[in-house]
Amino acid sequence: MNELNPERARQAIVEYTRRLAESAAAAGPDAAVPTAPEWTVTDLVEHVGQTQHWVAEIIERRITDPTQLPTEMAVLPADPSEWQAWLTESAQRVATACSDDALDAPVFNAAGDERSGTQFWMSSMLNETVVHGFDAANAANRPTDIDADIAAALISNHLAMLTSPTWAMQRSESAQALRGTGQTLQWLATDTPADTGAWLVERRPDGATWQPGTHQADVTMTGPAGSLLLTLTRRLPLTDHEATGITINGDTTLAQHWLDNTAHAAD
């Protein structure tokens with residue numbers, strides 16, 4: 001699995017949270033978030049900050065039992081002028097919690113896959129800040145730039161989540177819809193090294209699987225890693241080449257079916 005260097009991931013959580021906070025301030029607390037329906041910027045800031053504090057506590061306390069997960073959430077400051085400092089604090093707290101010592105420590109992994117708990121949470125928190133950072137920038141009509149290596153790592157994380165034991169248990173309808181008879185989908189990044197920018201999904205009768213690398217596929221999406229990530233997370237339209245720079249070769253309906261059946265509950 002394409003994993004970032006831990007220090008790079010920690011720094012990115014802080015940096016992308018800073019960008020999110022700046023976009024939130026530019027948009028204003030009552031602004032709608034077009035890419036997160038029914039949310040305002042206030043909702044988005046609260047969600048990101050609370051989640052970062054919540055995850056930091058899980059790692060700090062080395063929680064392994066899901067019944068012991070924190071039940072109290074951090075309180076969003078009432079004054080929007082304090083939000084940037086609040087988000088800076090939450091981002092730094094979770095980045096610090098994901099220390100080298102914590103990476104291999106026993107911590108609950110909500111995906112139930114082969115990663116350590118801290119590795120899982122670190123990737124999840126980076127995903128939160130990057131994808132919701134795009135949401136905030138979109139609400140503020142600001143441009144978004146996602147580093148290619150960050151986007152590539154998050155594509156791997158995204159596919160790992162969708163093919164994890166937990167996804168099959170908690171999102172059984174999605175997992176069932178992703179089964180198939182050998183159909184294959186491929187994503188190829190044009191701005192990363194070949195060994196970190198290619199992903200293949202196979203829809204098998206017993207569930208979808210993924211692996212890195214370039215292979216023959218029924219449909220292949222080729223474009224910048226950031227655009228691939230934002231398309232996979234349904235922030236950008238699949239077939240708008242002008243907006244994404246993505247070229248599709250093969251069965252577009254197969255790719256659209258994948259997107260239609262992989263939404264996260266809180267998207």
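Contact detail for A21 and Q84: the closest heavy-atom pair is CB-CG, 3.9 Å. Across all non-hydrogen atoms, the minimal contact from W167 to M161 is CB-O, 3.1 Å. Heavy atoms only, all atoms of each residue included: C98 and T118 are closest at CA-CG2, 3.9 Å. The heavy-atom pair separating T244 from P224 by the smallest distance is O-CD, 3.7 Å. Scanning all heavy atoms of the two residues, the minimum distance from T192 to G197 falls at OG1-CA, 3.1 Å. The two residues Q216 and T184 come nearest to each other via the heavy atoms O-OG1, 4.0 Å.
Side chains of W86 and H53 form a contact here, defined as non-hydrogen atoms less than 4.5 Å apart. Taking the side chain as every heavy atom from C-beta outward, I146 and L154 never approach each other to under 4.5 Å. Between T144 and N138 there is no side-chain heavy-atom pair separated by less than 4.5 Å. Proximity of W258 to V219: side-chain heavy atoms (C-beta onward) are nowhere separated by under 4.5 Å.
A single hydrophobic cluster is not seen to contain both V131 and V33; linkage of ILVMFWY side chains at heavy-atom distances under 4.5 Å, directly or through other members, places them apart. In this structure, V94 is a member of the same hydrophobic cluster as L103, with clusters built from ILVMFWY side-chain heavy atoms closer than 4.5 Å.
Applying the salt bridge (charged side-chain N to carboxylate O under 4.0 Å, His left out) test to D100 and every residue at least two apart in sequence or in another chain returns R10. Partners of W83 according to the ring-ring contact (aromatic ring centres under 6.0 Å, His included) rule, which considers only residues two or more places apart in sequence or in another chain, do not exist here.
One distance of note links CG of L185 with CE of M221; it measures 5.5 Å at 0.5 Å rounding. One distance of note links CE of M122 with CD1 of I13; it measures 6.5 Å at 0.5 Å rounding.
Ionic pairing of E22 and R18 is present here: one or more N-O contacts between side-chain nitrogen and carboxylate oxygen are shorter than 4.0 angstrom. Of the charged side-chain nitrogens involved, none lies within less than 4.0 Å of a carboxylate oxygen, so that D206 and R204 do not count as a salt-bridged pair.
Aromatic ring pairs are classed by plane angle as parallel below 30°, tilted from 30° to 60° and perpendicular above 60°; the pair H47 and H132 is perpendicular.
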(message) Applying salt bridge (charged side-chain N to carboxylate O under 4.0 Å, His left out) to R203 and D218, what does each step give before you reach the verdict?
(response) CA-CA 11 Å; R203 294 177 53 194; D218 296 315; over 6 Å; no
(message) Please evaluate residues W199 and L228 with respect to the criterion side chain to side chain contact (heavy atoms under 4.5 Å, CB included), reporting the C-alpha separation (whole Å), side-chain torsions for both, the decisive distance (0.1 Å), and the verdict.
(response) CA-CA 11 Å; W199 304 264; L228 295 177; 4.3 Å; yes
